[in-house]
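Letters A, B, ... mirror the listed sequences (proteins, then strands); counts begin at 1. Here the structure is a predicted model, which means the values were calculated and not measured.
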Protein chains: 2
Amino acid sequence: MTKQRALILRLIRESKRHMTADEIYQLAKAEMPGIALATVYNNLIHLSEIGEIKKLTFRDRTDRYDKSSIPHIHLVCDVCGKVCDHPSEGLQQEMEQRLGFPIHEYELAIHYTCENCQ
Amino acid sequence: MTKQRALILRLIRESKRHMTADEIYQLAKAEMPGIALATVYNNLIHLSEIGEIKKLTFRDRTDRYDKSSIPHIHLVCDVCGKVCDHPSEGLQQEMEQRLGFPIHEYELAIHYTCENCQ
DNA sequence: CACTTTTTTTAGAATAATTCTAAAAAATAA
DNA sequence: TTATTTTTTAGAATTATTCTAAAAAAAGTG
C-alpha cells in the first residue's frame with residue numbers, strides 16, 4: 001500500500017459522486033502535486049481487481065468509479081447528467097426468479113429527470 | 001435515404017448480434033468497397049436519433065448498436081462475452097412503482113454464465 | 001426538367017480516454 | 001543490509017470517436 005494508492009482510495013471513499021479517472025487525478029494532484037495520471041489509472045485497475053472499488057461504465061463512454069461494490073441502482077438525470085445511487089434490496093433475487101437461472105451481478109441505469117431539473 | 005444509409009440499416013436489421021461501428025463498417029465495405037468509416041458513424045448517430053436503432057454501451061467501452069429500440073434486458077456471458085436479448089414485459093412499470101416517479105428508460109445488463117460456457 | 005438549396009459522403013486530421021513502455025523509486029522479503 | 005518485487009513516473013502509443021472542409025448526391029422549386 002503506497003501513499004499514492006492510499007490517497008486514491010481515500011478520495012473515492014470520501015466522494016459522494018461517481019468520479020472519472022481524470023476527476024480523481026485532479027483531486028489527487030491538489031494533495032500530492034507530483035502524482036502521475038498513469039498512477040491513478042494503475043491504482044483504479046488494481047483497486048477494482050481486489051474489489052475495493054467498482055468500475056462503472058455509462059453512456060458517455062468514460063469510466064467512473066464507485067466506492068461501493070454492493071449492487072445498487074444508478075439513477076441518471078438526462079438533463080444535468082448527475083448520477084445518484086438508489087438502494088435495491090432483493091432486486092438480484094427478483095431478477096433470478098424472473099429469469100429462472102442464477103446471475104453473477106447486474107448493472108441497472110435508470111434515466112429520468114431529477115428533482116432539480118424538473 | 002442514401003444507398004449508404006440503407007445498407008447500414010439493413011446490416012443492423014439482419015444481424016442477430018450487437019455490432020460495433022467497426023464491425024458494421026467491415027460488413028458494409030464487403031458490399032460497398034468505397035464506403036467511409038465516417039459515413040458509418042454519421043449514420044449510426046442519425047439512425048439512433050430518429051429511433052430506428054439503439055446505441056448501447058457495455059463495459060468494454062465500445063458502443064454497440066441494436067436493431068430494437070424496444071426496451072429489453074441484455075444478458076452478458078462473463079465467460080465468452082456474448083450478449084443476448086431477453087424480453088422484459090412490464091419491467092418499466094415495475095421500476096416506476098418501486099421508485100415512485102416516472103422514468104424515461106432503463107438499461108439493464110445482467111452478467112451470468114451462458115449455457116454453452118457452463 | 002434545369003437550377004438552387006440542403007444534406008450526405010468522403011478522406012484525413014484532430015481529440016480524448018486509456019493503455020503501454022522502460023527506467024527510477026519505493027516497498028517488501030530474506 | 002541486500003536482494004527481489006512492486007509501484008511510480010513521464011511520455012509515447014493506441015483506439016474509438018468526432019471534426020473539418022470540399023465534393024457528391026439528394027431533395028425542393030418553378
Side-chain angles (χ1 to χ4, degrees), chain A residues 1-12 15 17-66 74 76 81-83 107 109, chain B residues 1-13 15 17-66 74 76 81 83 107 109:
Chain A
M1 177 63 70
T2 59
K3 281 170 289 178
Q4 290 88 341
R5 178 163 301 167
L7 169 60
I8 290 162
L9 183 55
R10 179 167 62 73
L11 291 172
I12 293 167
S15 172
R17 306 183 43 254
H18 298 77
M19 293 187 289
T20 62
D22 194 64
E23 287 168 342
I24 295 164
Y25 173 57
Q26 297 305 330
L27 286 181
K29 257 204 312 197
E31 293 195 33
M32 190 185 284
I35 197 169
L37 179 56
T39 302
V40 174
Y41 275 103
N42 287 343
N43 279 297
L44 292 173
I45 292 168
H46 178 83
L47 292 168
S48 296
E49 279 173 357
I50 63 172
E52 280 292 337
I53 62 173
K54 178 105 179 76
K55 179 173 168 174
L56 308 173
T57 303
F58 292 109
R59 276 208 290 223
D60 65 356
R61 237 173 319 95
T62 60
D63 292 334
R64 290 166 180 278
Y65 295 86
D66 195 328
H74 287 110
V76 183
K82 214 175 122 188
V83 179
E107 287 149 35
Chain B
M1 177 63 70
T2 60
K3 282 169 290 178
Q4 290 88 342
R5 179 164 300 167
L7 170 60
I8 290 162
L9 183 54
R10 179 168 62 73
L11 291 172
I12 293 168
R13 285 190 174 150
S15 172
R17 306 182 43 252
H18 299 77
M19 294 187 288
T20 62
D22 194 64
E23 287 169 341
I24 295 165
Y25 172 59
Q26 298 304 331
L27 285 181
K29 257 205 311 199
E31 293 195 34
M32 191 185 282
I35 198 169
L37 179 56
T39 302
V40 174
Y41 274 104
N42 286 343
N43 280 296
L44 292 174
I45 292 168
H46 177 82
L47 291 168
S48 296
E49 280 173 356
I50 65 173
E52 281 291 339
I53 62 173
K54 179 105 179 77
K55 179 174 168 175
L56 307 172
T57 303
F58 292 109
R59 278 207 288 220
D60 65 355
R61 236 174 321 95
T62 60
D63 293 335
R64 289 167 181 276
Y65 294 86
D66 194 329
H74 288 108
V76 183
V83 179
E107 288 150 34

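Once rounded to the nearest 0.5 Å, the distance linking CD of Glu107(B) with NZ of Lys54(B) reads 5.5 Å. The structure places CE of Met19(B) at 12.0 Å from CG of Leu56(B), a figure rounded to the nearest 0.5 Å. Between the CG atom of Asn43(A) and the CE atom of Met1(A) there is a distance of 8.5 Å, given to the nearest 0.5 Å. To the nearest 0.5 Å, the span separating NE2 on His18(B) from CD1 on Ile53(B) amounts to 12.0 Å. One finds the CD atom of Glu52(B) at 10.5 Å from the CZ atom of Arg5(B) (value rounded to the nearest 0.5 Å).
Over its length, the helix from dC1(C)-dG30(D) to dA30(C)-dT1(D) turns its helix axis by 40°, as judged from the five terminal pairs at each end, rounded to 10°.
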- Message: One character per nucleotide, please: for nucleotides 21-30 of chain C, 5' to 3', B when the base has a protein heavy atom closer than 4.0 Å, S when only the sugar-phosphate does, - otherwise.
- Response: ------SS--

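Atom CG in Asp63(B) sits about 7 Å away from atom P in dT18(D), given to the nearest Å. In this structure, Leu37(B) places its CG atom 14 Å from C1' of dA13(C), rounding to the nearest Å. dA25(D) atom C1' lies 14 Å from atom CD1 of Ile35(B), rounded to whole Å. When the P atom of dA17(C) is taken as reference, atom OH of Tyr65(A) falls 12 Å away, rounded to whole Å. For the pair Ile24(A) CD1 and dA17(C) C1', the computed distance is 13 Å after rounding to whole Å. Following rounding to the nearest Å, Asp60(A) (CG) and dT18(D) (P) show an atom-to-atom distance of 11 Å. Across the protein-nucleic acid pair, Asn43(B) atom CG and dT18(D) atom P stand 13 Å apart, rounded to whole Å. Summarising the geometry, the separation between OH on Tyr25(B) and P on dT15(D) is reported as 16 Å, rounded to the nearest angstrom.
Here Tyr41(A) reaches the OP1 or OP2 of dT18(C): one of its side-chain N or O atoms lies under 4.0 Å away. For the OP1/OP2 pair of dT19(C) and a distance below 4.0 Å, the side-chain nitrogens and oxygens of Arg61(B) include at least one atom meeting the criterion.
Between Thr57(B) and Phe58(A) the shortest side-chain heavy-atom distance does not fall below 4.5 Å. Contact check for Asn42(A) versus Gln4(A): no side-chain heavy atoms found under the 4.5 Å cut-off.
In this structure, of dT8(C), dT7(D), dA10(D), it is dT8(C) that holds the atom nearest to the side chain of His46(B). When distances are taken from the side chain of Ala36(A) to each of dA10(D), dT18(C), dT9(C), the shortest belongs to dA10(D).
Across the interface with DNA chain D, nearest-nucleotide mapping of Ile45(B) and Gly34(A) shows Gly34(A) to be the residue nearer the 5′ end.
Panel note: side chain Ser15(A), backbone Leu11(A); no donor-acceptor pair is recorded below 3.5 Å.
At the heavy-atom level, Thr39(A) lies under 4.0 Å from base atoms of the strands shown.
Remark: the Asp60(B) side chain and the Thr62(B) side chain contain an N/O donor-acceptor pair separated by less than 3.5 Å.
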